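Note that this is a predicted model, so its numbers are computed, not measured. Each chain gets a letter, A, B and so on, in the order its sequence line appears, and its residues count up from 1.
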Protein chains: 2
Amino acid sequence: MTDDRWVAPAVPLAVDLVILTLRRSRLHVLLVERGVEPYRGAAALPGGFLGHLEEDLTAAAHRELLEEANLDAETLPLEQLGVYGEPGRDPRGRVVSVAYLAIAPRLPEPTAGTDAADARWQPVDRVLSGDLELAFDHRRIVADGVERARVKLEHSALATAFCGPIFTITELQEVYEAVWGIPLDPRNFYRKVQKTDGFIVPVGSARKAATGRPARLFKAGPRAVLYPPMVRPAESSSTEGAVK
Amino acid sequence: MTDDRWVAPAVPLAVDLVILTLRRSRLHVLLVERGVEPYRGAAALPGGFLGHLEEDLTAAAHRELLEEANLDAETLPLEQLGVYGEPGRDPRGRVVSVAYLAIAPRLPEPTAGTDAADARWQPVDRVLSGDLELAFDHRRIVADGVERARVKLEHSALATAFCGPIFTITELQEVYEAVWGIPLDPRNFYRKVQKTDGFIVPVGSARKAATGRPARLFKAGPRAVLYPPMVRPAESSSTEGAVK
DNA sequence: TAGTTTTTTGTCACTCTGACAGAAATGGGA
DNA sequence: TCCCATTTCTGTCAGAGTGACAAAAAACTA
């Protein structure tokens, strides 16, 4: 430690991406089929090593997304999710991975890129339930990403980003229900979003419908942080929050 | 990229520590005076490079804390704060740093360790105001850590960890006031913490005081997450939350 | 025209909060 | 001893927000 010419150990650095979107009212995550060892053939998050020593982390994230799933996410706001770096998480040796989270409206169907044999959307509950196994510690990373998304829906207007540019209140409600995984009362939800100033703004009262009363149309409002927040009903578990 | 024998670039990995505590009812952060270049003599967060290639990140964090400030933080729960890795943040070249946050009751006065010329507590407002300049991007890291602490006080019983094992409600209020940086109404605060089930529990109704009515004594309750949360008054700024 | 479906407007009781009044329990002078 | 300053604790009151639910409004269908 007090060596005169001690050199800091350098660690191979990777990025992993949790890309969430909504498809048929269910939350999906983008997964690729690994085309190389280790875990060849297994499902995994898109991601990979830094391209070169000076590459920015977010730049690497965008590049990997393009390479592995042909998704140009240049416009996607990537949010840092965390660092996953326990020794032993990668059979190749020490690798530290920085996970990023993106949440987006309907994205195009991805196509396989260079390092990945396949790329497609998978429902998150299949991943979280363990029904679909992921390589490395990627299941945990997905779980962390989903939890982050749930919290963000409470305090930010992020939900509007899941919808198209124009949407109905019911569609917005479906976003919350899909991400939170619980049903909400349409009438209370309607009241809440309506009186949350700047959350949504009505757009030329056009209409819409297949059956039932036509719904008003809205677009995202100017407010990014919601105060007071949307309240997520308390977990049913009675011992929730207890420790010791 | 499709090179057959391409090797993943390895990056020197460091950890930085934001240790927050309360002293004389003000929030303080642990800083060291750098004993080596770059930024020799400047104030900085304790931290340093990974000791060896297989060292765990949190292990490195604990080790650095011991080395630089002689604080045995084995028991401190360290929480990951984020990754700071833009190229150019370190004049020595590419370095990626993982920041950790710890929040603790009165810790002993630190003493300088091997790599640091000095180690001491500094009020966070001196850092955030720019009055006290920090090396690297450490001011930003401190700001992120303080903001995280503020949010944690809302949703968790963390505030009790700042107090001693036994405390009065007023002392608990002072924690909130110091971290949030705003005054609170003692009567409403009293009511709120009292009826938040499991937050604090009365301990043998002993007493205390210098002047005024003696206060009841409490200890931390079993509840770790607060629901409903403690509400932090909305920021005064009127355009808060506006975007675009 | 009656029934179905979905959206929208209300209602009611309850909880939580901010603002504030004032009583209770102590120590310190005069 | 008696009043006062100080701090803790107990209330009160009005307003905002929420969960649960009723019912009207606006379509389409049979």
Problem - Atom-pair distance (CZ on B:Arg213; C1' on C:dA25), nearest Å - result: 5 Å
Handout entry: Contact under 4.0 Å: A:Arg216 side-chain N or O vs C:dT9 OP1/OP2
Key = yes
Problem - Atom-pair distance (CZ on B:Phe189; P on C:dA19), nearest Å - result: 16 Å
Handout entry: B:Thr211 side-chain N/O to C:dT26 phosphate OP1/OP2 under 4.0 Å
Key = no
Problem - Presence of A:Tyr190 side-chain N/O under 4.0 Å of C:dT7 phosphate oxygens OP1/OP2 - result: no
Problem - Atom pair distance, as rounded to whole Å: CE in B:Met230 and C1' in C:dT17 - result: 12 Å
Problem - Spacing of A:Arg191 atom CZ relative to C:dA13 atom P, expressed in whole Å - result: 15 Å
Handout entry: OP1 or OP2 of D:dT18 under 4.0 Å from side-chain N/O of A:Lys192
Key = yes
Handout entry: Base of C:dA19 paired with side chain of B:Arg187 (donor-acceptor, under 3.5 Å)
Key = no
Exercise for the section: With rounding to the nearest 0.5 Å, note down the distance linking CG in B:Leu76 to CD1 in B:Ile19. Expected result: 6.0 Å
Fill in the blank from the handout: B:Ile169 CD1 to D:dC9 P, in whole Å, measures 6 Å
Problem - Whole angstrom value for the distance that separates C1' of C:dT8 from CG of A:Leu172 - result: 16 Å
Practice task
Would you classify B:Thr168 as touching base, sugar-phosphate or nothing, given that sugar-phosphate means primed atoms plus P, OP1 and OP2, and contacts are heavy atoms under 4.0 Å?
Solution key: nothing
Handout entry: Whichever of A:Gly212 and B:Asn188 has its nearest DNA chain D nucleotide further upstream toward 5'
Key = B:Asn188
